Amino acid sequence: DTAVSQTPKYLVTQMGNDKSIKCEQNLGHDTMYWYKQDSKKFLKIMFSYNNKELIINETVPNRFSPKSPDKAHLNLHINSLELGDSAVYFCASSLPGTGWEGNEQFFGPGTRLTVL
Amino acid sequence: RKEVEQDPGPFNVPEGATVAFNCTYSNSASQSFFWYRQDCRKEPKLLMSVYSSGNEDGRFTAQLNRASQYISLLIRDSKLSDSATYLCVVNYPSNTGKLIFGQGTTLQVKP
């Protein structure tokens, strides 16, 4: 009965390959996020979608492309993988922010990506 | 200056100790504040929200000082199971729901 799920949990691949990570939430939330957590443990927002519409797009290389087929799913496709892409990628979801407030975000278990 | 700053630690304390973590944030327009907990190789989970008047949840007490842009978390009677990284989180003041995470403070409670 997982609230936010991600697949795969581990991903090991060669430089230059293209890979996708999938995320699904069953919480009925409208807003979903992708975060990257690097080796120094900083958790940084990459993208956010609200009801399939892109609302946050941080300074991320355009090799990264999110796709939201419906509000319960947010996938992340990465082209031409580089060594520096190695990190843990977390998906999260929340109710939409009201005004300038933020809401609790629920995280998936993470996808540990290693680029060789 | 980082948007949310924390002392990364580690803080090594004996069981039963009281430990306090501090955090500062740079944007005075931020409205929402949280402490998240992240266990090793796991996802972050909400520990508690932080309210203007301060709030308590069992052994955990959170305080907010808006004038100093400072947030604290106090853990009393530390348990071995409290060992984790504690992330200070502040919303980015916009209508996007964006949250800014601090680097985290690592706590290790020893028997």
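Small disclaimer: the values here were computed from a predicted structure and weren't measured. Residue numbering restarts at 1 for every chain, and letters A, B, ... go by the order of the sequence lines.
A salt bridge links A:D85 with A:R63: at least one charged nitrogen is closer than 4.0 Å to a carboxylate oxygen. Checked for salt-bridge contact, B:D39 and B:R41 miss the test: no charged N lies under 4.0 Å from a carboxylate O.
Side chains of A:Q105 and A:S93 form no contact here, defined as non-hydrogen atoms less than 4.5 Å apart. Here the side chains of A:W34 and A:I45 are not in contact, with every heavy-atom distance at 4.5 Å or above. Looking at heavy atoms from C-beta onward, B:Q38 lies in side-chain contact with A:Q37 at the 4.5 angstrom threshold.
Neither the backbone nor the side chain of B:F33 comes within contact range of chain A; no heavy atom of the residue lies under 4.5 Å from a heavy atom of that chain. Heavy atoms of A:E58 lying under 4.5 Å from chain B belong exclusively to its side chain. For a residue to count as touching a neighbouring chain, one of its non-hydrogen atoms must lie under 4.5 Å from one of that chain's; by this rule A:I55 touches chain B with backbone and side chain alike.
Cation-pi check for B:K98 over B:Y92 is met; the charged atom lies under 6.0 angstrom from the ring centroid and within 45 degrees of its normal.
Side-chain polar atoms of A:S65 and A:H77 form no donor-acceptor pair below 3.5 angstrom. A:N17 and A:T13 share a side-chain donor-acceptor pair at under 3.5 Å.
Under the 30°/60° scheme for interplanar angles, the aromatic rings of A:F106 and A:H29 are found to be tilted.
Taking the six-membered ring for Trp, B:F11 and B:F21 have ring centres closer than 6.0 Å. Residues A:F47 and A:F64 place their aromatic rings such that the two centres sit no closer than 6.0 Å.
The stretch residues 44-70 of chain B places B:P44, B:L46 near chain A, each with some heavy atom under 4.5 Å from a heavy atom of that chain. Listed in order of number, the residues of residues 107-116 of chain A that approach chain B to under 4.5 Å between heavy atoms are A:F107, A:G108, A:P109, A:R112.
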